[in-house]
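I am attaching a structure below and will ask some questions about it afterwards.
We name chains A, B, ... by the order of the sequence lines, and we start the count at 1 in each one. Remember, predicted model here, so these are calculated numbers, not experimental data.
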2 protein chains.
Amino acid sequence: MARPKDESKIDAIYEATLRLVLETGFNGLKMADVAREAKLATGTLYIYFKNKEVLINELYYHLKKSKVTQMMSVYEPSDSFQVAFKKLWLNYFTISLNEPERMKFIEQFTHTSYLTKKTKQQGDLLLKPLEDFLADGIKQGVIKKLPVALVLSQLMGPIIEIVKLHYDGSLKITPALKEELFAMAWASIRK
Amino acid sequence: MARPKDESKIDAIYEATLRLVLETGFNGLKMADVAREAKLATGTLYIYFKNKEVLINELYYHLKKSKVTQMMSVYEPSDSFQVAFKKLWLNYFTISLNEPERMKFIEQFTHTSYLTKKTKQQGDLLLKPLEDFLADGIKQGVIKKLPVALVLSQLMGPIIEIVKLHYDGSLKITPALKEELFAMAWASIRK
DNA sequence: TTATTAGATGAATATTTATTCATTTATATT
DNA sequence: AATATAAATGAATAAATATTCATCTAATAA
C-alpha cells in the first residue's frame, strides 16, 4: 500500500552505467553522473542499488546473461556439431559487433577484483551450456582434445580483439570477411 | 652544479605503478600508494613525472617497447617465413606467460582514453617491424590475404585470453600444450 | 672548503565524490 | 476522500586524494 518501484528505472540506470563505465572504468565512474545520465536524483540510485559495487556486479551479471541467452538462442540440438557450431559462432560474432559496449564491459570486468566471487561464479555458470556443447564436440572427435576453457579462449580471443578494432573504427567487417574469420576459427580448433 | 636525478627511481616508480594499476585501474591508482611502494615521498614522484596521466603514458610506452623489443630479438631475416613465425610466436607466448603483468597493463590501456593520441601512435609504431613481417608472409602467399591488423588480432587474441587463464591459476601450460597452441595459431592464418 | 643549486620531503591545500537523510511527492488501500 | 507508506529528491556530510610548496638535504663545481 504505497508507491511502487518503477522497474524501468533499473534499465535506465544500467544503460547509463554501461556507457559511463566504458569511458572511465569502475573508479572513474561517478554516481552523480550515472544519476544525471539516467535522469534521476543521486539518492534514487541508492533505492535501486545498495552502492556502486553492487550496481557494477548486478550489471555485469545482467549483461552476461543477456548476451549468453541471445547467443544460445540459435542453438538447435538436432543440428550436427558443425552446423550448430557455425550458427553459434556467427551469431556470437554478429551480436558482439552490434553491441560492442556490452562485450567490452563484460570483458573489462571478468578478470578484475571489482567482481565478487559470487558474481564471477554465477557468470561462469551461464557458460555451462556452451561448455557442454564444446565438450561434446571433443567427445565426438570433431574438435581437438583440449581443456574446454582453452578452446573457449581460442575462440573468444580473436573476436574480442576484432570487435575492438571495429569499435575504434579501424576495420570494416564485410560479410565475406565474416565468413573468412569463421573459417579461421574453425581451422584452429578442428581435429 | 647540483644534486643529480637518481634514474633508478624511475624504475622503482614504474614497478610500483605497474603492480598497483593492475589492482585498481587508472582512477583507482593512488599517487601516495605509488610513492610508498617505490619508497619515495609523494612530492618526489612529481619531480620525475609531471602528473598521474603522464606517468601512465610513459609507463605504457616503456612496457610496450620492452615487450616488442624482447619479442623481435629472436627474429633472423635469413630464416624462412615459417621458421621465423614459429620462433616469434613461441617467444611472444613465453614472454607473455612469464610477465603477465606487463601484458595485462598494455592490454588494459590500449583501447582506452587514458592514453594520449601521441602515446597510442608511438605505441603502434613499435609494431611496424612485426606488421612488415606479416605483410611479407601475405605477399609470399604463405598466409591468408587479410588486413594485417586482423591477422594480428587473430594471433594476439587467444594469447591474451590464455595468459589471463594462466594468471588466474585456472590453467597450467605444459610444453606439449604450447606446441598445440602454436599449431592452432598457425592453422588459423595459413593459406 | 664553501657556495650554489636542484633533488627530496611530507604536511597542507584544494578538490572531488560516495553516501546519507530530512523533506517532499505519488500511489495504493481503506 | 483520507491515510499510510514507500519512492524520489538533492543538499549536506564525511571521506578520500591529486598536487603544491615551504623547508631541508646532498652533490657539484669553483
Open item on the list: Taking any heavy-atom pair under 4.0 Å as a contact, classify A:Leu29: base, sugar-phosphate, or nothing.
Closed with: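 Sugar-phosphate, no base atom in range.
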
Task: Interatomic distance, A:Tyr46 OH vs D:dA8 P [rounded to whole Å] - done: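 The distance from OH of A:Tyr46 to P of D:dA8 comes to 16 Å, rounded to the nearest Å.
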
TODO: Under 4.0 Å between any heavy atoms, over every strand shown, what does A:Phe49 touch: base, sugar-phosphate, or nothing? Just pick one.
DONE: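 Touches nothing.
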
Task: Residue met sooner reading DNA chain C from 5', once B:Lys39 and A:Pro4 are mapped to nucleotides - done: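 Per heavy-atom nearest nucleotide, the more 5' residue is B:Lys39.
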
TODO: Would you please classify the geometry between the B:Phe81 ring and the B:Phe133 ring as parallel, tilted or perpendicular, with 30° and 60° separating the classes?
DONE: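 Parallel, since the angle between the ring planes stays under 30°.
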
TODO: Counting heavy atoms from C-beta on, name the nucleotide in D:dA18, D:dT9, C:dT19 closest to the side chain of A:Asn51.
DONE: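 For the A:Asn51 side chain, the nearest candidate turns out to be C:dT19.
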
Task: Under-4.0 Å salt bridge between A:Lys50 and A:Glu58 - done: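 Between A:Glu58 and A:Lys50 there is no salt bridge, as every charged N stays at least 4.0 Å from the carboxylate O atoms.
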
Open item on the list: Let me spell it out: for each of B:Lys52 and A:Thr42, pick the nucleotide of DNA chain D with the closest heavy atom. Which residue's pick is nearer the 5' end?
Closed with: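 Going by which nucleotide is closer to the 5' end, it is A:Thr42.
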
Task: Euclidean distance, atom CG of residue A:Leu20 to atom P of C:dA18 [Å, nearest integer] - done: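 Rounded to the whole Å, the gap is 11 Å.
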
Task: Ion pair check, B:Asp132 and B:Lys128, cut-off under 4.0 Å - done: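 Salt bridge: yes.
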
Task: Value in whole Å for how far the P atom of C:dA14 lies from CE of B:Met31 - done: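 After rounding, the reported distance stands at 20 Å.
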
Task: Protein-nucleotide distance (A:Leu45, atom CG; C:dT20, atom P), rounded to Å - done: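 Going from CG in A:Leu45 over to P in C:dT20 covers 12 Å.
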
- [ ] Please check the phosphate of D:dA8 (OP1 and OP2 only) for any side-chain N or O of A:Lys9 closer than 4.0 Å.
- [x]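 So the side chain of A:Lys9 is within the cut-off, an N or O lying under 4.0 Å from OP1 or OP2 of D:dA8.
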
- [ ] To the nearest Å, give me how far apart CD (B:Glu7) and P (C:dG7) are.
- [x]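 Going from B:Glu7 (CD) to C:dG7 (P), I get 10 Å.
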
Open item on the list: Return whichever of B:Gly43 or B:Lys5 has its heavy-atom-nearest nucleotide of DNA chain C closer to the 5' end.
Closed with: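 Final value for this comparison: B:Lys5.
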
TODO: Figure out the CD1/P separation between B:Ile47 and C:dT9, and round it to whole Å.
DONE: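 One finds 8 Å between P of C:dT9 and CD1 of B:Ile47, rounded.
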
TODO: Could you state the atom-to-atom distance from CZ of A:Arg36 to P of C:dT16 in whole Å?
DONE: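 Atom CZ in A:Arg36 sits about 13 Å away from atom P in C:dT16.
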
Open item on the list: Once you measure the plane-to-plane angle for A:Phe109 and A:Phe105, does it fall in the parallel (<30°), tilted (30-60°) or perpendicular (>60°) bin?
Closed with: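 Judged by the thresholds at 30° and 60°, the geometry between A:Phe109 and A:Phe105 is tilted.
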
Task: Atom-pair distance (CG on A:Asp6; P on C:dT27), nearest Å - done: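 Spelled out: CG on A:Asp6 to P on C:dT27 is 10 Å.
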
Open item on the list: Salt bridge or not between B:Lys30 and B:Glu23? Use side-chain N to carboxylate O under 4.0 Å.
Closed with: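 Here B:Lys30 does not pair with B:Glu23 in a salt bridge, since their nearest N and O are not under 4.0 Å apart.
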
